[in-house]
Amino acid sequence: MVSYNDSPAQTPVYLDKTAPVEERVKDALSRMTLEEKVALSHAQGKFSSAGVPRLGIPELWMSDGPHGVRAEINWNDWGYSGWTNDSVTAFPALTALAATWNPALAAVYGKNVGEEARYRRKDVLLGPGVNIYRSPLNGRNFEYMGEDPFLAGEMVVPYIQELQKNGVAACVKHFALNNQEKWRGNIDVEVSDRALYEIYLPAFKRAVEDGGAWSIMGAYNQYQGQHACHNKRLLQDILRGEWGFDGAVITDWGGAHDTREAALNGLDIEMGSFTNGLTKESEFTYDDYYLARPYLELIKSGEIPMSVVDEKAGNVLRLIFRTAMNTDKPFGSLHTPEHYAAAKAIGDESIVLLKNSGLLPLDPAKVRRVLVVGENAVRPLNQGGGSSELKVKDMFSPLEALKAVFETVDYAPGYKTGRAMYEAEDIIPEAELDSLRRDAVAKAPAYDAVIYIGGLNKNGFQDCEASDRREYNLPWGQDRIIEELAAANPNLVVANISGNAYAMPWLDKVPAVLQSWYLGTMIGPSMADVISGKVNPSGKLPFSFPRRLEDNGAHASGVESYPGVESESDAGNAAADLAGADVSLGKNPRQVYKEDILVGYRWHDTKKIPALFPFGHGLSYTTFEVGKPSLSSASMGADGSITLTVPVTNTGSRAGSETVQLYLTDVKSSVPRPAKELKGFEKVSLAPGESREVTFTITPDALKYFDADRHEWVAEPGRFKAHVATSSADVRHTVQFDYK
Ligand code: GLC
């Protein structure tokens, strides 16, 4: 006979949402068994980890990805579950968000993608990604925010803050040094502390310290011979020791390889072990995970102290209290008009006008007959690309959007590629490619204008996870198609879609070039509105376009720099082999980031190798004048600051936005420093004739470099230059001041 206590039960502290989180964690731990604590630290399914059923503590549900909520995936394999209620909004890829240079849009992004993750009942959204764009061949650059740590940091913070207001944790990835996909599963990255702290860590640091990220995803690669998912220096010394991270560290799927390291070096939740994170399944049970039975055995043997167990379980409980057990979170919503409007606004502001000899915008009142060429005008680019792929409710293609704008719009593919994830099977015969090219070129002269929409796509070895590009030029014979179209019709607009830079041997023959991105659901309306002039482009490149691949710092320094070198010794490959061979594993591969701190424009400027199109570049349909800047003082002390004010005027005939960029140079330093570094930017929207003053506050922090020997940031006294620019290569004014 169960006796029911009729006095009102005292709510246990861990269930009391008004109690301080740390009290709730402590109380929950005190009630949990050892087995329950261990269960919190590893997957129970493909995308979920355990709660504590006996105590009513819910499990954690995770989902990709950074650009929208991935379709439901099966319990124990990578297959899709075929639900009918998981179609979502595809938001623009994060490269596009970075190209807006508009942190307010990053907040809009986080809010809207968070509402969709909330509605899909996900506790952890596996994104955003902030790995630095080091090589234009990296298959996943489209998921990240470009080559500069300051830009990536400024853009990631609002995304995280607004996402997490939905009770959904950001899981900032991939921490750290996952800057290529080739051999991602085991490559051992060697990088100087200066480059680590000045280039590769800052965006993660901002995400933790300013964004307040509730979780971080460990990367697949190794650093200093230890896998990033249980790397003592990255996770214990830096993430928790220096940054005070109080969230949970989650592996990339299959990123754990050792129980002792996973237990002692700061990993909290092990996911996807013995798989390759995309296609290969595991024949092991979840109890076989490194942080399952083997971990339990080490604890029982006394090798792992309970303090470690409680810290790990506590980090997971804290994540659960913030998400799954957060009773104040909203209910979310899915593919709403507001979400579509947000995706459109971000897309509109992301498109970069690279070149315009006056052909753009194409006025529909004058340009009546248009030929659209290129597979990306119709291809559903939300598919493929790896874990960030999305099942959409709507995908408005560029072709259909252009048909709604211009009187007559015809289409010629020009080239054809394989289906996403089936490209190995879908080999297109050369004869078919030839006829597609000839057909498009033959049609071109009969039209008022031709709009070429090609670029890359989400197929393997293009903009795709788990493989890098094999060439810097556009694939599938596109350079020839563009050259021949330009000869057939001088009114050619090239509007490529990609997440990476590429060569443009045809540039001198093309009057107008737009760089568009994987903009998701609203890609068509955004591109059509920019091409037709309804939207004035204001995007700026978040990464450099080298003229040639060898002009890029990572590729100028030999194979050890990129893609790295393999060695016969099998050390470090054992676990990787267990994960099953795939394109991302090599024989004990390792690489050295030889360009060091000179990544992207830092390389181009310092080595005086001009980029084809520089970081921060982007034109407008109007013109702007950037006036002479003034400084509040000619010098600054260690506890001071200087205000730089600069007038910006719209000197053209239509409204538009300009992004004023502030770069700083240490005129004379005791260590090598880049020619200049981005330390501020502001996007201003101006009506024709309107002027506005932009103000930057320069503090000593902006002057510092990382002194690896002293392990601290140092600003050396001396002369500094402040460059006011509209791109890293277009400096309008330079002023100088002294740091004393
Ligand atoms: C993949 C990716 C990671 C993703 C995870 C789950 O391998 O590297 O970004 O979130 O596995 O799909």
Side-chain angles (χ1 to χ4, degrees), residues 42-43 45-49 60-81 86 93-95 113 117 120 122-131 138-145 156 163 168-187 204 207 213 215-222 227-229 248-257 267 269-282 384-391 421 458 460 463-468 499 576 579-580 582-585:
H42 62 82
K46 183 60 79 183
F47 280 91
S48 74
S49 59
L60 280 172
W61 278 88
M62 312 176 188
S63 172
D64 289 308
H67 314 143
V69 186
R70 193 176 185 183
E72 199 65 20
I73 284 186
N74 294 332
W75 184 261
N76 195 33
D77 64 49
W78 287 103
Y80 284 110
S81 311
D86 57 353
L94 292 190
T95 308
V113 76
R120 290 271 292 108
K122 302 303 178 183
D123 303 307
V124 182
L125 186 66
L126 302 171
V130 289
N131 292 102
N138 175 20
R140 289 188 87 172
N141 278 329
F142 72 97
E143 290 190 49
Y144 307 145
M145 298 198 196
V156 78
L163 166 68
V168 178
C171 187
V172 187
K173 65 189 187 182
H174 303 86
F175 189 66
L177 300 168
N178 179 184
N179 300 99
Q180 67 186 51
E181 290 300 287
K182 187 175 177 62
W183 301 328
R184 68 173 179 169
N186 53 345
I187 192 166
F204 286 102
S215 67
I216 286 272
M217 183 186 291
Y220 279 126
N221 53 278
Q222 297 185 75
H227 275 91
C229 284
V249 175
I250 301 170
T251 63
D252 199 339
W253 268 237
H257 300 281
L267 175 62
I269 306 178
E270 173 191 0
M271 300 299 292
S273 285
F274 315 116
T275 70
N276 62 8
L278 262 186
T279 53
K280 182 170 179 357
E281 296 325 322
S282 161
S387 57
S388 63
E389 74 171 347
L390 297 170
K391 178 166 95 173
M421 306 303 276
K458 301 288 192 66
D463 283 329
C464 186
E465 180 177 338
S467 61
D468 282 350
D582 66 4
V583 291
S584 59
L585 294 180

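These values consider heavy atoms only, across backbone and side chains, with no hydrogens, waters or symmetry-generated copies. For ligands, and for the atoms within them, numbers begin at 1 and follow the listed sequence.
Here K46 pairs with I73, W78, W253, T275, E281 under the side chain to side chain contact (heavy atoms under 4.5 Å, CB included) rule; sequence neighbours left out. Residues passing the ring pair (Phe, Tyr, Trp, His ring centres under 6.0 Å) test with Y220: none are found, sequence neighbours excluded. Scanning for salt bridge (Lys or Arg N to Asp or Glu O under 4.0 Å) contacts around R140 gives E143, E465, with sequence neighbours left out.
For ligand 1, the protein residues within 4.0 angstrom (heavy atoms only) are F47, D64, R70, W78, L126, R140, K173, H174, R184, M217, Y220, D252, W253, G277, S387, E465.
The pair E72-K391 fails the salt-bridge criterion, with no side-chain N (NZ, NE, NH1 or NH2) lying under 4.0 Å from an Asp/Glu carboxylate O.
Ring geometry for H227 versus H257: interplanar angle of 30 to 60°, hence tilted.
Residues S81 and W75 are not in side-chain contact: their nearest non-hydrogen atoms beyond the backbone lie 4.5 Å or more apart.
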